[in-house]
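Here's the structure, in structure tokens; my notes come after.
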Amino acid sequence: MFDEDDLLPLSGLQHVIYCERRFALVHVECLWAESNATVDGRHIHERAHEVSSESRGDVTIARGLWLRSLRLGLSGKADVVELHRIDDSSEGINLLGVSGRWSVFPVEYKRGVLRHEQAYAVQLCAQAMALEEMMGTVIPAGAVYYGKSHRREDVPFSDDLRASTEEAARRIHEIARSGSTPPPVPGPKCGPCSMKDLCLPDSTDRAGKASVFLVRALRDASKADP
Ligand code: SF4
């Protein structure tokens, strides 16, 4: 179990699965660069959080819910948590002041069109595992909603996905504790990566931190000034 002070951002999971260096640049070196994709993604998340909660028949929707898992050592926000009224009184949770039992179904908002992304499935699964820990229930599935196609992919929280989520959480703590940035592993994923101008994936000096490259670039620029 982790202490509150040791929790890392749940959003770091999608970075570490995409690329360990990207995770370290963002969460160890505290660097960030926007691209059209990251700006679109941020707007989708902001829109998802605009209304705090609403009810539609047997579904209640909570938005922007804070989550925390001491077991995984993560905290963050869920875009949407749907609560579905269920008949089975042995499952789900109670809602204060509302009759019946309710099952919990997290939904993560992403840009683009419907597709399967393991990084998104792991991030969603971590949200579910945090909700399970906080609410004392079992959450069998959730969904990733894709803003461009207005469609969502259901994601069952299988044993394999839960194990991948635990491994990703373990790895981000390991990298954060080490305080060092893994070297780049150039590949097709670098093309759309918003961090590539800071990462310099094709640099021959692969052991260096991006912040070191930045300092060198600034020093070289100042030498070049007349
Ligand atoms: S540019 Fe490539 S190596 Fe660098 S952070 Fe992005 S994906 Fe990783």
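One is the number of the first residue; the rest follow in order along the sequence. Below, each value reflects all heavy atoms present in this structure, side chains not excepted, and no hydrogens, waters or symmetry copies. Whatever order the structure lists them in is the order used to number ligands and atoms, beginning at 1.
With respect to the salt-bridge test (charged N to carboxylate O, under 4.0 angstrom), the residues Glu166 and Arg71 qualify. A salt bridge is absent between Arg63 and Glu108; no separation between the charged side-chain nitrogens and carboxylate oxygens falls under 4.0 Å. Salt bridge Arg177/Glu174: absent, no basic N to carboxylate O contact under 4.0 Å. With respect to Arg171 and Glu20, a salt bridge is recorded, a charged nitrogen being found less than 4.0 Å from a carboxylate O.
Counting backbone and side-chain atoms alike, Cys19 contributes no N/O/S atom closer than 2.8 Å to atom 4 (Fe) of ligand 1. Among the atoms of Cys193, no N, O or S atom falls under 2.8 Å of atom 2 (Fe) of ligand 1.
Taking the six-membered ring where tryptophan is involved, the planes of His84 and Phe105 are perpendicular, since the angle between them exceeds 60° and thus also 30°.
For ligand 1 and Lys189, the ligand atoms under 4.0 Å from any heavy atom of the residue are 7 (S). Close approach of ligand 1 to Pro201 is summarised as follows: ligand atoms under 4.0 Å from at least one heavy atom of the residue are 1 (S).
Proximity annotation for atom 5 (S) of ligand 1: of Arg22, His15, Glu20, Lys196, Arg22 comes nearest, heavy atoms only.
Heavy-atom neighbours of Asp154 CG from other residues, nucleotides or ligands within 6.0 Å: above the threshold of 12.
Shortest contact from atom 2 (Fe) of ligand 1 to any protein heavy atom: Cys190 SG, 2.3 Å. When hydrogens are left out, the protein atom nearest atom 4 (Fe) of ligand 1 is Cys199 SG, 2.3 Å; that is the closest non-hydrogen contact.
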